[in-house]
Structure formats: C-alpha cells, structure tokens
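Count residues from 1 along the sequence.
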Amino acid sequence: MSSSKRQSILPRVQSGPKAPVNFSSSIIIADSALLTGNHTINISSESVVHPRAKLDSSNGRITIGRRCIVHERTSIGAASADPTPSESRDGVVISDYATVEVGAVIESGGTMIGEGCLIGVGCKVGKGAKLGKHCTLTPQSVVQPWETVPDFTVIYSNGTRRLDKRGVADLKHKAQARQIEVLRKLIPSNPAKFQG
C-alpha cells in the first residue's frame, strides 16, 4: 500500500548550521522552510515564509520587514560569484510589503529591496543591488550586482525598463494584507522549530 503523502520531485537540499533567529510572534513560517547560516535572520510582524524557501545567513544578516511574502523555492542570501567585498554587515534587507516569488534568488552582500517591491518568478538580484520603493521585476528579470534601481521602476526580462506611474501603492498594500490573511489559514506555521 502506498503512502498518501505527496512526495517532492526536487532533490533534498543540504542544510548548514542552524541560524540564530529573531521572529515576531505574528509571522507565518512553514515547517519545511530552510533557515541556515551563522548571522541572525530577523523576520518582522505578519510576514509569510512558504514551504521550501531557503534563507541563508552565512554571508550576512537577513532582515525581512512587515507583511512580506517569501514564496517557495526562493533563495535569499545566496552566495555571489562577485568577489568584491561588501562594506555592509547586512546580507539582505527586504523592506515592508515586499513579495519574493517562486524560484527567485537574492544574493547576499548589502543587497536592499525597497518597500512594496515585487521580485517576480525566477528573478535574480545581484550582490549589493539596491531596489527603490515599489519596483517590479517581471519573471526571469536580472538586476546586476551593485546596481541601483530608482523608485517605481518596472524591469522586464529582456532588460527594458519603465516607470510605473499608476499610483497604486496603497491598493497593493491592502491586497498584500488580504493575501496574508488567506495564507494564515493555508500554511501551517511552526516558528518554534527554528528558535532556540
């Protein structure tokens, strides 16, 4: 008789040392999220970390702001091939209301993601990059290491860019809050697994 539990087709990820964490009491973090490294991982109130998301603080501290959503198979704090040393002790800082979608990679080394940013499916944000507020990276987009992206920029996968002048930041914040309420019911949260 076969097991009724669904098995992943992905290979099992090797985990490193257990990372020190600082969680708000209202976060939602899946039991199968992977948190490794030797620097602190800070996650602020009402943020969501999906199953199989990887947060690696080996190369610097990771800070995730309020009401952020980190989807599955993302890699936050990934090591960079760029040998340039970072002046920042922070590996990655993700500001409030940001969303990192499935399979996106954010490299560690003073990388800053601004408030309300959307990092699309399969995107790559290089080491030391700084995204302004409410930037949108469409799927498969790349932000080069040490690049600075102005507020409200939309980056397409072919490299084309434009400014988003719709003025919908407040609506996006409200939608993010509603999505988090739905995820609170759908994702079994176990922050105690990662603490202590």
Side-chain angles (χ1 to χ4, degrees), residues 6-13 27-30 32-36 41 43 46-56 62-81 91-109 111-145 147 149-164 166 168-169 171-184 186-187:
R6 203 170 117 196
Q7 299 296 320
S8 175
I9 59 170
L10 297 172
R12 200 154 185 82
V13 178
I27 70 160
I28 303 159
I29 184 164
S32 59
L34 185 62
L35 279 62
T36 62
I41 296 174
I43 303 178
E46 299 181 50
S47 287
V48 179
V49 179
H50 279 256
R52 291 190 290 283
K54 181 178 181 182
L55 282 66
D56 184 356
I62 295 175
T63 303
I64 298 176
R66 291 182 58 243
R67 291 187 173 167
C68 291
I69 300 174
V70 177
H71 286 270
E72 62 189 25
R73 295 195 328 265
T74 57
S75 179
I76 296 177
S80 173
V92 176
V93 175
I94 299 176
S95 301
D96 301 344
Y97 290 95
T99 301
V100 182
E101 292 190 340
V102 177
V105 175
I106 301 176
E107 293 181 349
S108 185
T111 308
M112 307 280 289
I113 307 296
E115 177 184 333
C117 284
L118 171 63
I119 311 299
V121 174
C123 287
K124 181 179 179 185
V125 178
K127 173 182 183 175
K130 300 198 179 339
L131 273 62
K133 294 180 179 181
H134 303 286
C135 291
T136 302
L137 276 63
T138 63
Q140 303 295 323
S141 298
V142 175
V143 175
Q144 297 301 323
E147 184 175 354
V149 178
D151 294 350
F152 299 99
T153 300
V154 179
I155 300 176
Y156 296 96
S157 60
N158 65 2
T160 305
R161 295 174 182 216
R162 71 171 176 86
L163 284 180
D164 184 352
R166 297 176 296 162
V168 295
L171 290 174
K172 287 170 68 176
H173 287 185
K174 289 176 184 173
Q176 184 97 329
R178 285 196 304 269
Q179 184 178 3
I180 288 170
E181 285 309 309
V182 171
L183 292 172
R184 185 176 303 285
L186 296 176
I187 298 175

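Looking only at side-chain heavy atoms (C-beta outward), Ile43 and Leu55 come within less than 4.5 Å of each other. Side-chain atoms of Leu35 and Ile29, non-hydrogen and from C-beta on, do get closer than 4.5 Å to each other. Counting heavy atoms from C-beta outward, Val121 and His71 have side chains that stay 4.5 Å or more apart. With contacts defined as side-chain heavy-atom distances shorter than 4.5 Å, the pair Val125/Leu137 qualifies.
Across Val92 and Ser108, no two heavy atoms sit closer than the pair CG2-CA, 4.0 Å. Residues Ala98 and Gly114 share a closest heavy-atom pair of CB-O, 4.2 Å. Between Pro51 and Glu72, the shortest heavy-atom distance links the atoms O-CB, 2.9 Å. Among all heavy-atom pairs drawn from Gln140 and Cys123, the shortest one is N-SG, 3.9 Å. The nearest pair of heavy atoms linking Cys117 to Gly132 is SG-O, 3.0 Å. Looking at every heavy atom in both residues, Gln144 comes nearest to Ala129 through O-CB, 3.8 Å.
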### Query
Stepwise, does the side chain to side chain contact (heavy atoms under 4.5 Å, CB included) test hold for Ile27 with Ile64?
CA-CA 11 Å; Ile27 70 160; Ile64 298 176; over 6 Å; no
### Query
Run the side chain to side chain contact (heavy atoms under 4.5 Å, CB included) check on Leu183 and His50 step by step: do they pass?
CA-CA 9 Å; Leu183 292 172; His50 279 256; 3.8 Å; yes
### Query
Which is it for Ile119 and Ile94 under the side chain to side chain contact (heavy atoms under 4.5 Å, CB included) test, yes or no, and what are the steps along the way?
CA-CA 11 Å; Ile119 311 299; Ile94 299 176; over 6 Å; no
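For Ile28, the side chain to side chain contact (heavy atoms under 4.5 Å, CB included) test picks out Val48, Ile180, Arg184, Ile187, Ser189, with sequence neighbours left out. With sequence neighbours excluded, no residue forms a side-chain hydrogen bond (donor to acceptor under 3.5 Å, both in side chains) with Thr136.
Screening residues 155-164 for side-chain hydrogen bond (donor to acceptor under 3.5 Å, both in side chains) gives Glu147-Arg161, Tyr156-Arg162, Asn158-Thr160, Asp164-Arg166 as the qualifying pairs, with residues at least two apart or on separate chains.
Taking NZ of Lys124 as the reference point, atom OG of Ser75 lies at 10.5 Å (rounded to 0.5 Å). To the nearest 0.5 angstrom, Leu118 atom CG is 9.5 Å from Ser141 atom OG. Rounding to the nearest 0.5 angstrom, the gap separating the CZ atom in Arg67 from the CD atom in Glu115 is 12.0 Å. Leu34 contributes atom CG, which lies 8.0 Å from atom CG of Asp56 (distance to the nearest 0.5 angstrom). Taking CD1 from Ile113 and CD1 from Ile76, the interatomic distance works out to 8.5 Å, rounded to the nearest 0.5 Å. A distance of 7.0 Å separates CD in Gln176 from SG in Cys68, rounded to the nearest 0.5 Å.
Under a 3.5 Å cut-off, the side chain of Thr74 and the backbone N or O of Gly103 do not form any donor-acceptor pair. Listed for the Asp96 side chain is no donor-acceptor partner under 3.5 Å among the backbone atoms of Gly65.
For Lys133, the NZ atom is loosely surrounded, since the number of other residues' heavy atoms within 6.0 Å does not exceed 12.
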